[in-house]
Amino acid sequence: MTAAHIDRLRILGLCAHADLTVCELAEILDLRRERVARHVRRLTRADFLCGNGQRPWSSYHLNTVGKDRGLVQFLVDLLPHDDGPHKRDLERLEAVQDARAKGTACLMGNRSIQLERELP
């Protein structure tokens, strides 16, 4: 029953492509962080996701060594990569990764806040 929710399937699909924080997942999925955190907890308890444990910015990725790794990979492989919500999620993931590379951090809500960097 863990993967029987569309939002959890979307999270698995995203975490198969990148290590993501709850905040980043919430931004990509356009969901409240609390809801995403609840889904991530369920997926982690079911051993579908692994976290790095670096609070408060723990990131999560697909568990490729767990006892259910074959099932998890099968579910991800079933997601349509060429259309629909998963394609949109992957496009948003790309935007989040670009923003991360430019020094943008997800600090509150579902919005990214540009961090001011001091230039040498």
Side-chain angles (χ1 to χ4, degrees):
M1 291 305 244
T2 299
H5 192 283
I6 188 64
D7 293 336
R8 288 194 286 272
L9 286 172
R10 291 172 70 195
I11 290 168
L12 289 174
L14 288 165
C15 289
H17 291 277
D19 282 9
L20 296 165
T21 66
V22 167
C23 188
E24 290 169 330
L25 286 164
E27 184 174 332
I28 293 166
L29 298 170
D30 196 26
L31 296 172
R32 289 184 32 225
R33 283 191 334 193
E34 296 80 15
R35 182 176 181 157
V36 172
R38 188 171 53 248
H39 288 315
V40 167
R41 271 193 305 276
R42 279 189 97 163
L43 291 166
T44 302
R45 274 191 242 129
D47 210 23
F48 287 9
L49 292 180
C50 294
N52 68 5
Q54 295 178 354
R55 294 185 181 256
W57 299 110
S58 295
S59 61
Y60 299 89
H61 59 274
L62 207 62
N63 186 355
T64 57
V65 296
K67 63 179 173 23
D68 292 325
R69 68 183 175 271
L71 171 63
V72 175
Q73 190 59 56
F74 177 73
L75 292 171
V76 169
D77 290 343
L78 287 176
L79 293 170
H81 294 281
D82 53 349
D83 66 351
H86 187 58
K87 180 180 180 185
R88 187 173 50 249
D89 290 348
L90 293 176
E91 290 167 355
R92 289 178 178 172
L93 169 62
E94 204 171 300
V96 165
Q97 289 175 320
D98 288 345
R100 187 193 291 173
K102 292 176 183 172
T104 303
C106 184
L107 297 176
M108 56 181 55
N110 286 349
R111 302 277 180 232
S112 294
I113 298 173
Q114 181 69 37
L115 296 175
E116 296 295 324
R117 289 186 173 188
E118 291 184 25
L119 297 176

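Residues L20 and I11 form no side-chain contact, since every pair of their non-hydrogen atoms from C-beta on lies 4.5 Å or further apart. Contact check for R100 versus E24: side-chain heavy atoms found under the 4.5 Å cut-off.
Scanning for side-chain contact (heavy atoms from CB on, under 4.5 Å) contacts around N63 gives D47, C50, V65, with sequence neighbours left out. Not counting sequence neighbours, A95 has no partner by the side-chain contact (heavy atoms from CB on, under 4.5 Å) test. Listed by chain and residue number, nothing satisfies the side-chain hydrogen bond (donor to acceptor under 3.5 Å, both in side chains) test with E94 (two or more places apart in sequence, or in another chain). Under the side-chain hydrogen bond (donor to acceptor under 3.5 Å, both in side chains) criterion, D82 pairs with no residue, sequence neighbours left out. Here R69 pairs with nothing under the side-chain contact (heavy atoms from CB on, under 4.5 Å) rule; sequence neighbours left out. Considering only residues two or more places apart in sequence or on other chains, R35 meets the salt bridge (Lys or Arg N to Asp or Glu O under 4.0 Å) condition with D7. Evaluation of the side-chain contact (heavy atoms from CB on, under 4.5 Å) rule for E91 yields K87 as partners, not counting sequence neighbours. In this view, D19 and H61 satisfy the side-chain hydrogen bond (donor to acceptor under 3.5 Å, both in side chains) rule, not counting sequence neighbours.
For the atom pair CZ of R88 and CG of L93, the computed distance is 14.0 Å after rounding to the nearest 0.5 Å. In this structure, CG in L14 is found 11.0 Å from CG in L9, a value given to the nearest 0.5 Å.
When all heavy atoms of V36 and L25 are compared, the pair lying nearest together is CG1-CB, 3.7 Å. Taking each heavy atom of R32 and A26 in turn, the nearest pair found is C-CB, 4.3 Å.
No continuous path of ILVMFWY side-chain contacts below 4.5 Å connects L49 to F74, so the two sit in separate hydrophobic clusters.
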